[in-house]
Number of protein chains: 2
Amino acid sequence: MSSTIKDVAKRANVSIATVSRIVNNQTGYSEKTKKKVLEAIEELGYQPNAVARGLINRRTHTIGVLFPKLSSTFVTDLLSGIEKATHEAGSSLIVCHTESNGEKTMKYLQLLNEKRIDGIIFTSAPLIDEYYQYISKMNVPLVLLSTESYAYNVPYVKVNDRHAAYTATQYLIKQGHKDIGMISGNKDDLIAGRPRIDGFISALQDHNLPYDEQKIVTNQGFSFSDGLGSLKTLLDQSPDITAIFAASDELAMGAISAAYQLGIKVPDELSIIGYDNLSIAEMAIPPLTSVAQPLTEMGEVAANMLFEILNHDKVVKSRIMPHQIKERNSVKERK
Amino acid sequence: MSSTIKDVAKRANVSIATVSRIVNNQTGYSEKTKKKVLEAIEELGYQPNAVARGLINRRTHTIGVLFPKLSSTFVTDLLSGIEKATHEAGSSLIVCHTESNGEKTMKYLQLLNEKRIDGIIFTSAPLIDEYYQYISKMNVPLVLLSTESYAYNVPYVKVNDRHAAYTATQYLIKQGHKDIGMISGNKDDLIAGRPRIDGFISALQDHNLPYDEQKIVTNQGFSFSDGLGSLKTLLDQSPDITAIFAASDELAMGAISAAYQLGIKVPDELSIIGYDNLSIAEMAIPPLTSVAQPLTEMGEVAANMLFEILNHDKVVKSRIMPHQIKERNSVKERK
DNA sequence: ATGAAAGCGCTAACAC
DNA sequence: GTGTTAGCGCTTTCAT
């Protein structure tokens with residue numbers, strides 16, 4: 001049904017080469033022919049076939065983004081930034097939800113390869129050797145988002161997790177808290193788990209506050225249900241704490257819910273600070289103070305990096321994004 | 001860098017036609033050649049070029065999904081269902097976030113057309129004439145998700161909003177509430193706004209409960225901040241209500257937060273039921289009772305519908321998905 | 001069972 | 001300023 005460049009050429013009484021030149025804003029035609037061709041295009045409702053273009057130009061104007069199962073609004077925020085920047089750059093986005101499953105990731109990578117996408121954004125998961133090797137062979141640029149690689153030199157966009165955790169803990173300390181606990185994610189997760197724990201411990205030590213292992217409860221992940229279960233454990237281990245740093249907002253929400261069930265008043269009896277500043281933070285009761293990551297902006301930056309490489313062949317530098325405390329009402333000053 | 005069918009043919013000492021047959025599991029070659037070719041493929045790491053295939057087959061194995069800005073986890077749930085079914089069907093998904101902006105939608109539609117995607121899922125927004133006409137010209141199948149069209153005969157997947165709202169209200173009534181208010185979305189939204197209001201009113205009338213306009217507060221949208229502002233208005237208008245039906249979980253969360261600020265105890269002094277059963281519902285304090293829509297499943301169903309049309313040329317029937325009350329602790333029985 | 005060749009819709013090099 | 005032609009990587013007749 002849809003017409004081709006041939007149809008346009010025929011209708012305007014020119015060759016397909018001329019049509020191509022005009023469609024691509026090149027030079028080498030008179031104003032008169034241009035007008036004629038444009039009219040023919042209009043009349044036929046001609047839209048260039050991006051598939052044919054992709055075949056010859058070796059550029060599909062499509063990029064792929066991979067992400068594992070994550071706290072949902074975390075993903076949405078990242079994604080909407082990526083999507084925005086991608087479309088502004090005239091490309092489109094193929095999303096691949098890997099469910100933190102290695103096999104599936106390889107399948108996706110293969111798919112993206114067959115589709116000859118222009119580049120990849122790899123999100124929130126460790127870039128293991130197998131993936132890296134495969135992507136290298138694909139020969140397309142790669143940007144890491146909300147993750148980084150210690151083994152390979154791949155540009156990334158993320159906040160400094162250790163630093164952000166330090167800031168959060170320090171905030172609690174400045175509010176007068178001296179006995180502080182942490183509900184953490186997976187301590188074996190070297191990207192987001194461990195650094196936040198390290199930042200927490202550093203802050204305590206730098207301020208000469210007591211620290212021992214009983215101050216931390218670790219979990220499998222960063223989810224609400226992890227947080228729900230962690231509060232009691234933490235309180236059992238360290239009954240005297242007056243404040244908690246939770247390594248994600250969902251963890252914090254879980255802790256708040258658990259506190260409610262236990263009859264512990266937040267923030268009067270216990271202060272809690274979260275991490276991420278998702279939209280759920282403002283819905284909490286009380287509204288959750290949190291370390292904000294600029295997720296949407298991070299998504300945009302990552303996508304723009306990719307296009308920088310793609311369009312200008314530039315070597316890009318990784319970006320550490322700023323974090324900041326978003327104050328709400330879940331932390332109380334302790335005199 | 002990546003090799004082509006030609007390279008494989010050369011390496012295996014056969015013609016490209018033979019390679020093509022083997023790759024596509026057709027007939028017309030000996031086991032011996034097959035083995036030879038498969039080896040060559042393996043050695044070269046050959047992956048067929050989907051772009052070239054798309055050009056000749058007129059099938060890109062890519063579908064597009066359009067959605068406006070929405071309560072974020074609502075989108076994620078829908079999206080993950082679509083994504084799952086799409087990849088299981090061997091296709092990929094291009095996401096287009098339209099921001100409820102008409103102009104942008106047309107641009108996306110054009111883009112999807114140029115990319116020659118196989119089909120479209122149109123989500124959660126009214127299918128206006130301009131879109132419908134354009135998609136018709138594109139000549140690709142269309143499925144509506146979480147929306148429907150009264151003007152055109154387009155298959156859709158959604159719950160019966162009016163019925164679901166009725167169920168929610170009836171639940172409140174069965175819990176002994178006689179004076180019930182509603183915090184609604186946009187009353188001019190004929191897809192999700194109006195039907196829920198109608199369902200609410202019907203339930204009241206069917207049970208001989210008093211109804212007047214003061215019982216309902218309408219909003220621009222379905223957001224948390226809409227809900228935050230609505231509670232006081234509703235209580236001012238109708239001070240005697242003991243229960244509220246909120247037309248979305250975010251609206252409900254907003255109302256709960258407002259109640260907290262006002263010192264009103266939920267559910268002891270005021271019961272609240274939400275709509276959607278998003279993941280935030282379980283994070284609320286108290287956990288929010290809500291009318292559940294099977295969002296992920298709806299996404300899967302919509303995608304599968306599209307593939308049904310695409311692969312088997314079937315005429316598909318619209319699907320009304322079941323809703324159900326997910327009981328938590330925000331509604332209290334009133335004796 | 002296998003190969004040669006045409007062609008999908010387009011771009012770009014070359015010719016005039 | 002404009003047209004002719006080769007070819008991107010593949011599938012599919014049509015021969016053999």
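The sequence lines fix the lettering, A, B, ..., with proteins before strands; numbering per chain opens at 1. Note that the structure is a prediction, hence the values are computed from the model and not measured. Atom set for the values below is all heavy atoms of this structure, side chains included, hydrogens, waters and symmetry mates excluded.
- Between C/dT11 and A/Asn24, a contact under 4.0 Å exists linking OP1 or OP2 to a side-chain N or O.
- Between A/His61 atom NE2 and C/dT11 atom C1' there is a gap of 13 Å when expressed in whole angstrom units.
- Note on B/Ser20: every side-chain N or O is 4.0 Å or more away from OP1 and OP2 of D/dT12.
- In this structure, CZ of A/Arg58 is placed 13 Å from C1' of D/dC10, rounded to the nearest angstrom.
- Side-chain contact check for A/Arg116 versus B/Asn49: some heavy-atom pair is nearer than 4.5 Å.
- Here A/Lys35 pairs with A/Glu39 in a salt bridge; the nearest charged N to carboxylate O distance falls below 4.0 Å.
- Within 4.0 Å (heavy atoms only), A/Val14 reaches sugar-phosphate atoms of the nucleic acid but no base atom.
- For the pair A/Ile16 and B/Leu55, both in contact range of DNA chain D, the more 5′-proximal nearest nucleotide belongs to A/Ile16.
- Contact between the side-chain N/O atoms of A/Ser15 and the OP1/OP2 oxygens of D/dT4 is not found at any separation under 4.0 Å.
- Between the side chain of B/Arg21 and the base of C/dG3, a donor-acceptor pair under 3.5 Å is found.
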Show the numbers, then the answer: is there a side chain to side chain donor-acceptor pair (under 3.5 Å) between A/Gln133 and A/Asp129?
CA-CA 6 Å; A/Gln133 298 304 345; A/Asp129 193 56; 3.2 Å; yes
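- If you take OH of B/Tyr46 and C1' of D/dG9, they are 7 Å apart, rounded to a whole angstrom.
- Among the atoms of the strands shown, only primed sugar atoms or phosphate atoms (P, OP1, OP2) are found under 4.0 Å from some heavy atom of A/Thr4.
- Contacts of B/Thr33 with the nucleic acid, taken as non-hydrogen atoms under 4.0 Å apart, involve only primed sugar atoms and P, OP1 or OP2.
- Atom P of nucleotide D/dT12 and atom CG of B/Asn25 are separated by 13 Å, given to the nearest angstrom.
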